Participant: 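So that we are looking at the same thing, I have put the structure below in structure tokens.
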Amino acid sequence: MNGLERMNFLSELRGRLRNALTDLVPADVIADVGPYAEMLKPTQDPKFGDFQANCAMSLGKALKRPPRDVATDIAARLKVDDLCDPPEIAGPGFINLKLRTERLVTEAAALISDDRLGVAPIAAPRTFIVDYSSPNVAKPMHVGHLRSTVIGQALDRVLRFLGHRVFSDNHVGDWGTQFGMIIYGYKHFRDDAAYQTAPVAELARLYRLVNQLSDYHEAVKTATALDAAARMAEAALLEAHRQAAANPKDKDAPKAVKKQEAAVAEAKAAIHSAKKKRETIDSDAALRALAEAHPQIAELARQETAKLHAGDAENLALWKTFIPQCLAALESMYDRFGVKFDLTLGESFYNPMLAGIVADLKAKDLAKKSDGATCVFVEGNAAPFIVQKADGAFTYATTDLATIRYRIETLKADAALYVVDARQGEHFQLLFATAKAMGYGQLECRHVSFGTILGDDRRPFKTRAGDTVGLESLLDEAIARARAIVDENDDGKKDGPELDAATRADVAEIVGIGGVIYADLHHNRDSDYIFSWDKMLAKTGDTATYIQYAYARVRGIFARNGIDADALRNTGGAILLNTSAERQMALQLLRFSEALNDVVVDYRPNLLTQYLYDTANSFATFYEQCPILKEPDPAVRTSRLLLCDLTARVLKTGLNLLGIRVAEKM
RNA sequence: GCGCCCGUAGCUCAGUAGGAUAGAGCAGUGGAUUUCUAAUCCACCGGUCGGGGGUUCGAAUCCCUCCGGGCGUACCA
């Protein structure tokens with residue numbers, strides 16, 4: 001802090017508008033003018049100024065007066081002459097505001113010595129849990145974990161930067177059925193040499209193997225049933241066709257046909273998938289022998305899980321040796337992303353609390369038995385929320401309830417963000433409703449959902465062979481592709497290459513991983529998006545690279561000319577905004593805090609990527625139009641260097657908040 | 001069957017607590033450079049915002065309906 005007021009123009013102007021409205025509007029007509037004050041927003045077109053207030057039209061309606069008259073009255077009461085030129089009224093009653101350039105000058109100058117770049121720490125901090133990533137520790141992370149990890153870490157960092165207390169929590173799967181499989185595999189199939197050299201890889205192999213063998217037997221067992229189902233679906237399809245032909249006017253008939261076609265396709269896909277599972281085993285003598293030797297593998301693996309949960313000494317001991325190894329493997333993945341968790345409280349952590357949760361639900365008369373399972377039925381939802389299965393095992397519903405209680409009672413959290421796939425929306429709806437009914441409504445729970453990453457074919461993103469894409473190999477490929485671009489670019493430099501091999505490797509990593517993160521975050525999190533290497537690493541357009549390049553350009557100016565940024569900041573030079581490009585640059589920099597606030601309103605990191613892209617874009621224009629070192633007037637030169645330096649700081653800080661690093665040279 | 005989500009330019013996507021002529025990027029076309037890093041900039045081209053109806057001074061945004069697509073839907077997490 002430096003004593004200078006940090007100005008968020010948007011909230012300041014809204015405050016002023018609110019005062020004007022309170023003054024103008026009788027309280028008995030409109031009790032709360034807040035919503036009207038919120039109607040002040042940045043303009044979409046610079047010709048309307050910098051901000052516009054849109055409240056006069058709807059207010060005119062409420063007051064039964066012509067909107068332009070209302071606008072005139074508002075403008076007359078709006079005390080903004082220290083900030084803005086006189087308000088202009090346009091169209092049906094828009095009030096357009098343009099910031100005074102002198103004010104931009106002083107505000108921008110205040111940023112120079114402000115290490116928070118104009119972002120005031122929040123007045124009323126809250127304690128957030130950001131629950132994200134949450135992989136299954138028994139399996140290597142794959143592309144399905146990318147979005148949760150990347151969106152979660154961005155929200156984590158932005159909330160912290162704004163001044164909230166945050167616990168990032170990795171709610172790992174470390175206690176489920178997959179551990180029964182691993183234990184079974186370890187007991188029967190382990191390769192000791194492989195386990196010694198690479199334990200986690202061996203455990204993953206064992207998991208896959210047991211899974212494969214279980215699937216095989218399941219496929220064999222259900223083959224006739226699947227065939228029968230397919231035949232029934234085909235018969236139903238024929239019948240649907242007959243109905244459609246017989247009743248050409250029935251517009252539901254073609255729909256029924258479509259539906260049956262889908263059912264047939266689904267049944268055939270199930271048969272195909274089962275066949276493939278059988279073939280992989282049948283075609284391999286060794287696997288075949290294993291399968292024959294372990295006909296009850298699925299059931300036995302389940303029993304290993306049950307034994308583990310019951311406290312069996314051998315299984316518990318195995319589990320205790322596996323877990324640290326698995327977590328360490330995850331850690332190396334997170335290091336590449338720069339992700340750090342405050343807490344890694346997985347399913348196992350909550351295990352001792354589950355019986356108490358179910359007992360509590362019963363005591364509160366919220367849970368009842370249904371088909372042998374203990375369920376909570378939530379008003380308006382047909383599906384039950386199963387907290388204890390017929391076999392006595394608890395489910396992730398139970399764990400999630402215990403987690404909520406722990407977050408309230410022990411962590412004293414105010415809000416919990418669940419950064420999880422949209423497909424689990426119903427689960428969270430039931431979870432939150434149940435928690436509320438249990439008396440845990442004080443924790444604001446929020447499902448921060450996101451869509452699926454798709455391949456070119458619009459199906460979930462897979463390798464060409466149809467396997468899920470591992471996160472490790474995804475990052476490796478991103479870095480390799482980035483390296484090719486770095487090499488090409490550096491080799492093509494007019495005065496010859498300037499990066500040594502180590503620097504190139506470093507830049508490739510920063511650009512490659514940054515590209516992956518940015519590509520994900522710049523989409524609206526709700527949308528599915530199509531994964532594209534070419535787009536995420538493109539040298540042009542809305543990419544991390546473009547923004548990183550803008551940063552490197554600034555740093556290049558300073559480095560090549562021996563200008564020390566710290567010294568520059570201390571010279572006391574003024575900011576001068578004599579061209580539209582400079583004015584636009586300063587205004588854009590001053591909107592950093594608006595952008596960060598926008599992110600947390602609905603937990604949307606894409607609003608920050610958008611801001612950073614706009615900022616880099618403003619810089620490119622400024623850089624193009626305003627000579628810096630060639631500028632003869634030393635005061636103007638200093639001012640422009642200061643704008644450059646601020647731009648670099650905003651870009652770096654902003655990218656870092658997204659989990660993206662910057663390079664000094666590119 | 002029920003529920004949730006989506007349909008915006010040739011492609012990939014923003015924009016949805018209603019606001020002015022619907023925006024970017026890519027692709028396409030045409031310009032700018034003896035480069036303060038061209039991984040750049042400027043301009044042009046390109047849209048019945050899936051269709052129809054309604055509410056409103058004003059609708060991509062809210063309501064209804066139809067079409068098209070995705071996902072979820074009792075003991076996996």
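Labels below follow one simple rule: chain letters A, B, ... track the order of the sequence lines, proteins then strands, and each chain is numbered from 1. Being a predicted model, the structure only gives us computed values, none of them experimental.
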Participant: With a non-hydrogen cut-off below 4.0 angstrom, is A:R640 in contact with a base, only sugar-phosphate, or nothing?
Facilitator: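 If one applies the 4.0 Å heavy-atom cut-off, A:R640 turns out to touch nothing in the nucleic acid.
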
Participant: Applying a 4.0 Å non-hydrogen cut-off, can you work out what A:A373 is touching in the nucleic acid: base, sugar-phosphate, or nothing?
Facilitator: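 Since a base atom lies under 4.0 Å of A:A373, the category is base.
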
Participant: Can you check the distance between B:C49 and B:A9, where both ends of the measurement are the C1' atom (answer in whole Å)?
Facilitator: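 Per the computed distance, 10 Å lies between those C1' atoms.
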
Participant: Do A:R591 and A:F51 form a cation-pi contact, if we require the NZ or CZ to be under 6.0 Å from the six-membered ring centre and within 45 degrees of the ring's axis?
Facilitator: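 That pair qualifies as a cation-pi contact.
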
Participant: When the P atoms of B:G47 and B:C11 are considered, how many whole Å apart are they?
Facilitator: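 It comes out at 12 Å once rounded to the nearest Å.
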
Participant: Answer with base, sugar-phosphate or nothing: what part of the nucleic acid does A:A552 contact at a heavy-atom distance below 4.0 Å?
Facilitator: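 Base, at least one base atom sits under 4.0 Å.
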
Participant: With a non-hydrogen cut-off below 4.0 angstrom, is A:C644 in contact with a base, only sugar-phosphate, or nothing?
Facilitator: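 Result for A:C644 = nothing.
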
Participant: In whole Å, measure the gap between the P atoms of B:G52 and B:G46 for me.
Facilitator: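 It comes out at 22 Å once rounded to the nearest Å.
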
Participant: Tell me the partner of B:A22, counting only Watson-Crick (N1-N3 plus N6-O4 or O6-N4) or G-U wobble (N1-O2 and O6-N3) with both under 3.5 Å; none if nothing fits.
Facilitator: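 Looking at the geometry, B:A22 pairs with no nucleotide.
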
Participant: Quick one: label A:R560 by what it contacts on the DNA or RNA (base, sugar-phosphate, nothing), any heavy atom closer than 4.0 Å.
Facilitator: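 Base: the residue A:R560, judged by heavy atoms under 4.0 Å, touches a nucleobase.
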
Participant: In plain terms, say whether A:E498 and A:K493 are close enough for a salt bridge, that is, a side-chain N and a carboxylate O under 4.0 Å apart.
Facilitator: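 Yes.
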
Participant: Which value, in whole Å, describes the distance between the P atoms of nucleotides B:U29 and B:C45?
Facilitator: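 That atom pair is separated by 16 Å.
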
Participant: Under 3.5 Å, is there a donor-acceptor pair between the side chain of A:T452 and the main chain of A:P460?
Facilitator: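 The answer is no, because no donor-acceptor pair under 3.5 Å joins these two groups.
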
Participant: Work out how far the C1' atom of B:C5 is from that of B:C42, and round it to whole angstrom.
Facilitator: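 To the nearest whole Å, 40 Å.
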
Participant: Quick one: is B:G15 close enough that its OP1 or OP2 comes under 4.0 Å of any side-chain N or O from A:N524?
Facilitator: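 So the side-chain polar atoms of A:N524 do come within 4.0 Å of the phosphate oxygens OP1 or OP2 of B:G15, strictly under.
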
Participant: Would you call the rings of A:H522 and A:Y518 parallel, tilted or perpendicular if under 30° counts as parallel and over 60° as perpendicular?
Facilitator: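 Rings of A:H522 and A:Y518: parallel, as their planes differ by under 30°.
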
Participant: Counting Watson-Crick and G-U wobble pairs only, both distances under 3.5 Å, name the nucleotide matched with B:U55, or none.
Facilitator: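 When the pairing criteria are applied, nothing turns out to pair with B:U55, so the answer is none.
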
Participant: Using atom C1' in both nucleotides, what's the gap between B:A60 and B:A14 to the nearest angstrom?
Facilitator: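 These two C1' atoms come out 12 Å apart once rounded.
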
Participant: Which parts of residues 526-546 of chain A get close to RNA chain B, meaning a heavy atom less than 4.0 angstrom away?
Facilitator: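 Under 4.0 Å from RNA chain B: A:S527, A:D528, A:Y529, A:I530, A:K535, A:K539, A:T540, A:G541, A:D542, A:T545, A:Y546.
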
Participant: Partner lookup for B:U33, please. Criteria are Watson-Crick or G-U wobble with both distances under 3.5 angstrom; report none if nothing qualifies.
Facilitator: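 The answer is none; no pair meets the criterion.
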
Participant: What is the base-pairing partner of B:A9, counting Watson-Crick and G-U wobble geometry with both distances under 3.5 Å?
Facilitator: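 Matched B:A9 with nothing under the 3.5 Å cut-off.
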
Participant: Using atom C1' of each nucleotide, how far apart are B:G72 and B:A24 to the nearest Å?
Facilitator: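 Comparing C1' positions in B:G72 and B:A24 gives a spacing of 33 Å.
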
Participant: I'd like the P distance from B:G18 over to B:C13, given in whole Å.
Facilitator: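 B:C13 and B:G18 have their P atoms separated by 27 Å.
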
Participant: In the structure shown, which nucleotide is the Watson-Crick or G-U wobble counterpart of B:C44, with both distances under 3.5 Å?
Facilitator: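 Here B:C44 is engaged in a pair, and the nucleotide opposite it is B:G28.
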
Participant: Are A:F94 and the base of B:G19 stacked, counting only ring centres nearer than 5.5 Å and planes tilted under 30°?
Facilitator: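 The base of B:G19 is not stacked with A:F94 (the test needs centres under 5.5 Å and planes under 30°).
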
Participant: Can a side chain N or O of A:R604 be found less than 4.0 Å away from OP1 or OP2 on B:U16?
Facilitator: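 The answer is no; no side-chain N or O of A:R604 sits under 4.0 Å from OP1 or OP2.
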
Participant: For B:G1, which nucleotide in any strand shown is its Watson-Crick or wobble partner with both distances under 3.5 Å?
Facilitator: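 Checking every strand shown, B:G1 finds its partner in B:U73, with both distances under 3.5 Å.
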
Participant: Tabulate protein N/O versus nucleotide N/O from nucleotides 56-63 of chain B, keeping only pairs under 3.5 Å, one per line.
Facilitator:
residue : atom : partner : partner atom : Å
B:C57   : OP1  : A:K61   : NZ           : 2.4

Participant: Between the main-chain N or O of A:V387 and the side-chain N or O of A:T398, is there a donor-acceptor pair closer than 3.5 Å?
Facilitator: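 Yes; at least one donor-acceptor contact below 3.5 Å.
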
Participant: At less than 4.0 Å, is any side-chain N or O atom of A:N54 found next to OP1 or OP2 of B:G19? Yes or no.
Facilitator: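 Result: no.
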
Participant: How long is the gap from OH on A:Y396 to CG on A:L431, to the nearest 0.5 Å?
Facilitator: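 If we round to the nearest 0.5 Å, A:Y396:OH and A:L431:CG are 9.0 Å apart.
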
Participant: Select base, sugar-phosphate, or nothing to describe what A:A390 touches, counting heavy atoms under 4.0 Å on all strands.
Facilitator: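 Base: the residue A:A390, judged by heavy atoms under 4.0 Å, touches a nucleobase.
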
Participant: Using a strict cut-off of less than 4.0 Å between a Lys/Arg side-chain nitrogen and an Asp/Glu carboxylate oxygen, indicate whether A:K98 and A:E88 qualify as a salt bridge.
Facilitator: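 Answer for the salt bridge query: no.
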
Participant: OP1 or OP2 of B:C4 sitting under 4.0 Å from any side-chain N/O of A:N381?
Facilitator: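 Result: no.
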
Participant: If you compare every side-chain N and O of A:R458 against the phosphate oxygens of B:U12 (OP1, OP2), does one of them come in below 4.0 Å?
Facilitator: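 Yes, because at least one side-chain N or O of A:R458 sits under 4.0 Å from OP1 or OP2 of B:U12.
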
Participant: Flag the pair A:R483 and A:D490 as a salt bridge only when some basic side-chain nitrogen lies within less than 4.0 angstrom of an acidic carboxylate oxygen.
Facilitator: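 Result for this pair is no, no salt bridge flagged.
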
Participant: Considering every strand and a 4.0 Å limit on heavy-atom distances, what is the contact class for A:Q548: base, sugar-phosphate, or nothing?
Facilitator: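 A:Q548: no heavy atom of the nucleic acid under 4.0 Å.
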
Participant: Is the phosphate of B:C67, meaning OP1 or OP2, less than 4.0 Å from a side-chain N or O of A:K258?
Facilitator: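 No, because none of the side-chain N or O atoms of A:K258 sits under 4.0 Å from OP1 or OP2 of B:C67.
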
Participant: Counting only Watson-Crick or G-U wobble pairs whose two distances fall under 3.5 Å, which nucleotide matches B:U61?
Facilitator: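 By the stated definition (distances under 3.5 Å), nothing pairs with B:U61.
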
Participant: Is there ring stacking between A:Y623 and B:C36, where the centres must be under 5.5 angstrom apart and the planes under 30 degrees?
Facilitator: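 Base of B:C36: stacked against A:Y623.
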
Participant: Considering only NZ, NE, NH1 and NH2 on the basic side and carboxylate oxygens on the acidic side, decide whether A:K258 and A:E261 come within less than 4.0 Å.
Facilitator: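 Salt bridge: no.
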
